[in-house]
Protein chains: 4
Amino acid sequence: MPPQPPKALKPRKTPSQSRSRVTVDAIFEATIQVLLSQGMAGLTTTGVAERAGVSVGTMYQYFPNKQALVYALNERFLTTLAEQVEATCARMQGRPFEEAAEALIDTYWAAKTERPELTRALYRSVAELETDALLHAFAARVDKATTEIFCQTSDFRSPDAGEVNLLLTTVIYGSVRNAFERGLGQEEISGLKSGLKAMCRAYLVAVGK
Amino acid sequence: MPPQPPKALKPRKTPSQSRSRVTVDAIFEATIQVLLSQGMAGLTTTGVAERAGVSVGTMYQYFPNKQALVYALNERFLTTLAEQVEATCARMQGRPFEEAAEALIDTYWAAKTERPELTRALYRSVAELETDALLHAFAARVDKATTEIFCQTSDFRSPDAGEVNLLLTTVIYGSVRNAFERGLGQEEISGLKSGLKAMCRAYLVAVGK
Amino acid sequence: MPPQPPKALKPRKTPSQSRSRVTVDAIFEATIQVLLSQGMAGLTTTGVAERAGVSVGTMYQYFPNKQALVYALNERFLTTLAEQVEATCARMQGRPFEEAAEALIDTYWAAKTERPELTRALYRSVAELETDALLHAFAARVDKATTEIFCQTSDFRSPDAGEVNLLLTTVIYGSVRNAFERGLGQEEISGLKSGLKAMCRAYLVAVGK
Amino acid sequence: MPPQPPKALKPRKTPSQSRSRVTVDAIFEATIQVLLSQGMAGLTTTGVAERAGVSVGTMYQYFPNKQALVYALNERFLTTLAEQVEATCARMQGRPFEEAAEALIDTYWAAKTERPELTRALYRSVAELETDALLHAFAARVDKATTEIFCQTSDFRSPDAGEVNLLLTTVIYGSVRNAFERGLGQEEISGLKSGLKAMCRAYLVAVGK
DNA sequence: GATGAATGAGCGTTCATTCAT
DNA sequence: CATGAATGAACGCTCATTCAT
């Protein structure tokens, strides 16, 4: 259930026929390509259309303006990410919460690390949009899933699950972002991941019992 | 020792005379104003110059292009921040490292929270720049200070101070950023701060002895 | 006998089957709706087609381009108007020409005042077309009818009926248009009508004997 | 005292220095040229700028958008026209009103007939603008001048000067416009002028005494 | 026939940057 | 040195028109 995007950003038509689907996918892929090669500043509507092999006009059939395109791209990724998080949470039902936290870290990390350059590009693209609503909605959705898991987890006794959840997610999401911002390499990033796991574990142990 | 900015971004002259200093300050202040009221998208050279009460031409005497202006603004803030961190580190010489970590969190938090809207605007402005070098340099400078404090701290026995340092700083900086991104209110943010302190303490205890 | 429209504006097919007739009528009605609600600037082919409940493609079956559509719409109204004028002239056969002039004014006035907003919209739409031919043809047709009536009218002795006719029609048509342009209200417009009648009568009396 | 144009149409700066004045004049002249040669449909900002020998950017320094340009052009002509009418009225102070009416006709006629193609182009250009306010203001200004003259004129005894004035001006302005719309030649137009004078005289005689 | 997705030329407009004054 | 009018490349976007289905 993605949020209602500010109406100026709402896609014009949801592609149901297969041909449209292909077109929209091509546009998304082209947007990514351009974002990777030229950055947000070099992302022009004609450039994207060209790379996608469609005309500008076609692009505008699906996206009412450039922002909407980037918005939709981010939405798509956040939705996928949210689904992955939810899947992880489902899998972790009833497991000790330190394990759950680790699994969450692994999931989030994997998603963000899979295409690092893209992740970086999206992080940047978000800054130029009115994406508060989008980000909020994503946060809310994911928080719901993670909070639940923390609550249902067998051995959780902390007074305020919501608070712990906010802390953990903020730390996890923030660390990943900062790691990207610093331009760390893969090895450093995985070092960070282990460290973060240890940190969360230590905290949960200290707080949870 | 600020980093060498990518040549295209280097300010044209370092304002040594007092008149220049005033001008540059006015320009910076105007930039902030515009950034706050119109966001990065509404930041135009003419707009800034107007607000600063100087002509565009004059502005170009000090900054070779628009990017350089935003770059310099960020540099200024990062430099201040770095100095504050260094001061904190100096003050924490020889104190137990849990205290040092807390002090670091307090310092960073205070700096970022002082003018939240500005912080947010700067976070966004950075995304549109080639600021990797800037960020790297800032990170290096600050890491140097914090690493030192962790090493010289009386009771630190961890095998790899650098690694711990990276983890801690990444977590701290990242959490603050994510907190801003989520649009959390002041109360939530301070809850987060306490949580983060607890987390770091727990981690250090678990790892450090 | 409508004039030959400039070739590029000629409708593609005269709708003889009843189905076509319905379609064309729907298109005309939609055009009017759009003209009234969005003005000439908001008149787009897709917009009209949508409102008419047909596809753009279908619309292009009947009108080779957008201009042709507006052209045809004006033609239709002018034809109706011409017919009304001719009817009036027929009815006025053999009557004193002051009466005839008054009847002409009434007819023209009624036609233009019936749907004032539409009249206004059409006046405007004409300005963007190459409608000289259309207007000429309408003028010629109507002039023929009115000139005849002035000639056959029992007591007309003016040396040059054509000249008088041109004057009268120009004054009448022009006044109506100007009244619309000034945005006069209904009451002022009818005051104007009486005044115009008086004026024509005075003139005919002064000139005709 | 021209009306406050809808703010979107207000010129950006009134050219006071001589250089600006020249530039703006060149732009106006270019606009006229293009209007004459390509019509309103062919009037593009780049086209006008090119013809004026300036860059688009410069044009936009003076006019915030294309409409404003055309608006200003019309305003300029209407202002001139209003001044001429006022001058005529001033000259006709205390003269018999039939003479005044004739003088008014002559003035208006001369102004509109001086550059017939331009007159035609402006008539058309007005249709695409939100010019109601402009036209109203012009009408009000001119009506004021003409009403006064009709009142102060020695022998005017009509019950309602305003009404007579409205009739006369509507008839005069409307007739000129219609004459242009019909595409009449110079000779016909001057025949019309005499006829119109006779008509007004006859009306005034019939009504005024 | 009817459809409507696709096209793409072309428009209005902005704004970083320059340079004559 | 300061000014700010002038520049013009480049962009986002529209919409009349076509044509494969």
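Chain A is the first sequence line, chain B the second, and so forth, proteins listed ahead of strands; every chain is numbered from 1.
- Using a 4.0 Å cut-off, some side-chain N or O of Thr23(A) falls inside it from OP1 or OP2 of dA6(E).
- Side-chain atoms of Gln61(D) and base atoms of dA6(F) include a donor and an acceptor less than 3.5 Å apart.
- In this structure, dT21(F) and dA2(E) make a Watson-Crick or G-U wobble pair, each of the two defining distances being under 3.5 angstrom.
- Looking at Arg76(A) and Asp25(A), a side-chain N of the basic residue comes within less than 4.0 Å of a carboxylate O on the acidic one, giving a salt bridge.
- Closest-nucleotide positions on DNA chain F for Gly57(B) and Gln67(A) were compared, and the one nearer the 5' end corresponds to Gly57(B).
- For Glu128(C) and dA16(F), the CD to C1' distance is 14 Å, given to the nearest whole Å.
- Across the protein-nucleic acid pair, Met59(B) atom CE and dA16(E) atom C1' stand 9 Å apart, rounded to whole Å.
- In this structure, Met40(D) places its CE atom 14 Å from P of dC11(E), rounding to the nearest Å.
- Mapped onto DNA chain E by nearest heavy atom, Val56(A) and Leu43(B) fall at different nucleotides, with Val56(A) at the one closer to the 5' end.
- Residue Asn65(A) contributes atom CG, which lies 17 Å from atom P of dC11(F) at whole-angstrom precision.
- Distances shorter than 4.0 Å separate some side-chain N or O of Ser55(D) from OP1 or OP2 on dT7(F).
- Each of Lys66(D) and Gly53(A) was assigned the nucleotide of DNA chain E with the nearest heavy atom; the assignment lying further toward the 5' end belongs to Gly53(A).
- Between the side chains of Arg51(D) and Ser37(D), a donor-acceptor pair is found at a separation under 3.5 Å.
- The nearest whole Å value for the distance from the CZ atom in Phe63(D) to the C1' atom in dA6(F) is 15 Å.
- A close approach under 4.0 Å does not occur between any side-chain nitrogen or oxygen of Thr45(C) and OP1 or OP2 of dC15(F).
- The phosphate of dA5(F) has neither OP1 nor OP2 within less than 4.0 Å of any side-chain N or O from Tyr60(D).
- Distance from the side chain of Thr58(B) is smallest for dA2(F) among the nucleotides dC13(F), dT7(E), dA2(F).
- Distance, Ile27(C) CD1 to dA16(F) C1': 15 Å, rounded to whole Å.
- Base pairing analysis places dC11(E) opposite dG12(F); the two distances defining the Watson-Crick or G-U wobble pair are each below 3.5 Å.
- Applying the side-chain contact (heavy atoms from CB on, under 4.5 Å) test between Ile27(D) and each of Ile32(D), Val48(D), Val22(D) identifies Val48(D) as the sole match.
- The distance between atom OH of Tyr62(D) and atom P of dT13(E), rounded to the nearest whole Å, is 18 Å.
- Taking 4.5 Å as the limit, every side-chain heavy atom of Leu129(B) sits out of range of all side-chain heavy atoms of Leu134(B).
- In the set dC15(F), dT17(F), dT3(E), the nucleotide with an atom closest to the side chain of Thr44(C) is dC15(F).
- Side-chain rings of Phe28(B) and Tyr62(B) stay apart, their centers remaining 6.0 Å or farther from each other.
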task = Test side-chain contact (heavy atoms from CB on, under 4.5 Å) on Phe77(C) and Leu118(C) and set out the steps.
result = CA-CA 10 Å; Phe77(C) 273 84; Leu118(C) 179 57; 3.3 Å; yes
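- In terms of position on DNA chain F, the residue among Gly42(A) and Ala41(C) whose nearest nucleotide sits closer to the 5' end is Gly42(A).
- Summarising the geometry, the separation between CD on Glu50(B) and P on dC15(E) is reported as 13 Å, rounded to the nearest angstrom.
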